[in-house]
Protein chains: 2
Amino acid sequence: MLQQTSGRVLNKLDESLLVGLPPFRRLERTQIREILDQAISRRAEEGATVFSEGMHADQFYLLLDGYIRVVKSTPGGEQIIAMHIAPGQLFGIAPALGRDTYPATAIAAAETVSLSWPVRVWSDFTSKYDGFATETYKVVGERMGELHSQLMELATQAVEQRLAAALLRMANQSGRKVENGIEIAFPVTRQNISDMTGTTLHTVSRLLSAWQKQGILESTRRHIVVTDPHRLVLLSGAGS
Amino acid sequence: MLQQTSGRVLNKLDESLLVGLPPFRRLERTQIREILDQAISRRAEEGATVFSEGMHADQFYLLLDGYIRVVKSTPGGEQIIAMHIAPGQLFGIAPALGRDTYPATAIAAAETVSLSWPVRVWSDFTSKYDGFATETYKVVGERMGELHSQLMELATQAVEQRLAAALLRMANQSGRKVENGIEIAFPVTRQNISDMTGTTLHTVSRLLSAWQKQGILESTRRHIVVTDPHRLVLLSGAGS
DNA sequence: CGTTTGTTTGAGGAGCGTCAATAAGTGTGG
DNA sequence: CCACACTTATTGACGCTCCTCAAACAAACG
């Protein structure tokens, strides 16, 4: 029921949170202090909505911990998962796109902690802090590149290849090494995966079962470990 | 054989070319003069490649006349058409995305005239000319929105609906009113359309034939007139 | 321990891609 | 101006993917 947990600047946030992250890489400690002092931090439960598509964009965000699922809904009620956000990344950066509403919904894929700032300070940030603008536009460029890749996959590849590509993307961007392979770091259902690949949970289930039998991966409820990434790469069609 | 026709600042370019275009909307005539004096203009034949995916991005462009097809190729040799550029729009704006290579190939869909500037002046433009940065990032935001729409279509809709949507998009963005409907303003083949919608030219041909029989559109070789846009909207699934 | 949420698996068939052949339109050179 | 090559479009036949429908099971949760 608890939709989101919002916080304030309770204790002073630690500067080390931002040091080294791309958008703030070139900044002095004092500048980071300034930035932090304007931020509010916020925790969100798994499944909680941080902001919704079409909402007036009054804040932009930096994910400190956890994972964010970026979701878009069709007029027909279906939904697709456009991407995932990993810790250290900005999200909800509508102002960078000249928008005043969020283009998609952000949902916590796992429990998250994020910082946020009012959009009003965006122009300060871009003008005052060296490298901030450059780095954020680079982020925009990268996301556009990912959209392009996904578009090409959907347009040209069969379900099996798209699924392999989606698993690899998650494993690369947000996987952690475990004993027997790479584990996707947040809970993910068959339904979720089908929303990423434009297919059905049934087809996803069948393919994952088959791959598990072949020793390519292991999966339990909402939980996937890729044990043989190389075979997945071959299946994704990128190989050869 | 003639791949592209390149020009110079032969005669002084006329200021009216830029007046009123979004990126330059808020500028004085003298500023527009400055900008034009740094531009080179260039004509490209139908089918000519203006720049290629992966090429070092040394120029950014403004389309004055004609239409540009933005194409991406898969490792497997297939290609998709990501979008079309209409007159008055910027393209090849890699610097706005923090990139130094072009993310896609630009091909003249019809004979085109464009202006271009070396990327080195990009940062001047954004800092010196009021509104230029804002407007271009708005363009980036819009294109990202279009990518999202297409992604959702590909992921959730059947071929018939995607095709209807693609035709409507072309008719809206680059259609001209003619006697019996809206004509798509540049030559387009069945193959081209299938590259936009992730299907085959055969399926496109079948559907267009059927729609022609139903009086929704008329088409001759490389040429389409939508006579009943409303029916197309219904077919695209956006209706209801 | 019942309810909810997520997963598995089968059967059947529709959508649309593949293969194949023909036709119609366009440009080029003699 | 005609013959030929090339590009573009049309249409049929066939069958494979993958979606739909259906049912049962397993895990989590209060």
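Below, each value reflects all heavy atoms present in this structure, side chains not excepted, and no hydrogens, waters or symmetry copies. Residue numbers begin at 1 in each chain, while the letters A, B, ... track the order of the sequences.
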If I take atom [atom1] in residue [X] and atom [atom2] in nucleotide [N], what distance separates them, rounded to the nearest angstrom?
{"X": "A:R190", "N": "D:dC19", "atom1": "CZ", "atom2": "P", "answer": "16 Å"}
{"X": "A:L154", "N": "D:dC18", "atom1": "CG", "atom2": "P", "answer": "13 Å"}
{"X": "A:L207", "N": "D:dC19", "atom1": "CG", "atom2": "C1'", "answer": "13 Å"}
{"X": "B:E45", "N": "C:dG27", "atom1": "CD", "atom2": "P", "answer": "13 Å"}
{"X": "A:E160", "N": "D:dC16", "atom1": "CD", "atom2": "C1'", "answer": "14 Å"}
{"X": "A:L208", "N": "C:dT9", "atom1": "CG", "atom2": "P", "answer": "11 Å"}
{"X": "B:E46", "N": "D:dT7", "atom1": "CD", "atom2": "P", "answer": "14 Å"}
{"X": "A:I224", "N": "C:dG6", "atom1": "CD1", "atom2": "P", "answer": "14 Å"}

- prompt: Nearest to the side chain of B:T200 - C:dA11, D:dT11, C:dG17?
  reply: C:dG17

- request: Could you check which of D:dT8, C:dT7, C:dC16 has an atom nearest any side-chain atom of B:T203?
  value: C:dC16

Does a salt bridge link [X] with [Y], judged by any charged N lying under 4.0 Å from a carboxylate O?
{"X": "A:E153", "Y": "A:R162", "result": "no"}
{"X": "B:E46", "Y": "B:R222", "result": "yes"}
{"X": "B:E45", "Y": "B:R43", "result": "yes"}

message: Any N or O donor-acceptor pair under 3.5 Å from the base of C:dT9 to the side chain of A:H202?
response: yes

message: Check this for me: does the side-chain of A:R206 come within 3.5 Å of the base of C:dG10 through a donor and an acceptor?
response: yes

task: Have a look at A:L201 and say if it touches a base, only the backbone sugar-phosphate, or nothing, with a 4.0 Å heavy-atom cut-off.
output: base

- prompt: If you look at every strand shown and take non-hydrogen atoms under 4.0 Å, does B:S205 touch a base, only sugar-phosphate, or nothing?
  reply: base

task: Measure centre to centre between the rings of A:H84 and A:F186, then say whether the value is under 6.0 Å.
output: yes

Using OP1 and OP2 only, check whether a side-chain N or O of [X] sits under 4.0 Å from [N].
{"X": "B:R221", "N": "C:dG25", "result": "no"}
{"X": "A:S209", "N": "C:dT9", "result": "yes"}
{"X": "A:T199", "N": "D:dC19", "result": "yes"}

message: Need to verify one output field. Residue with the more 5' nearest nucleotide on DNA chain D, B:V188 or A:Q157?
response: B:V188

- request: Please confirm whether the backbone N or O of A:G215 pairs with a side-chain atom of A:T227, one donor and one acceptor, at under 3.5 Å?
  value: yes

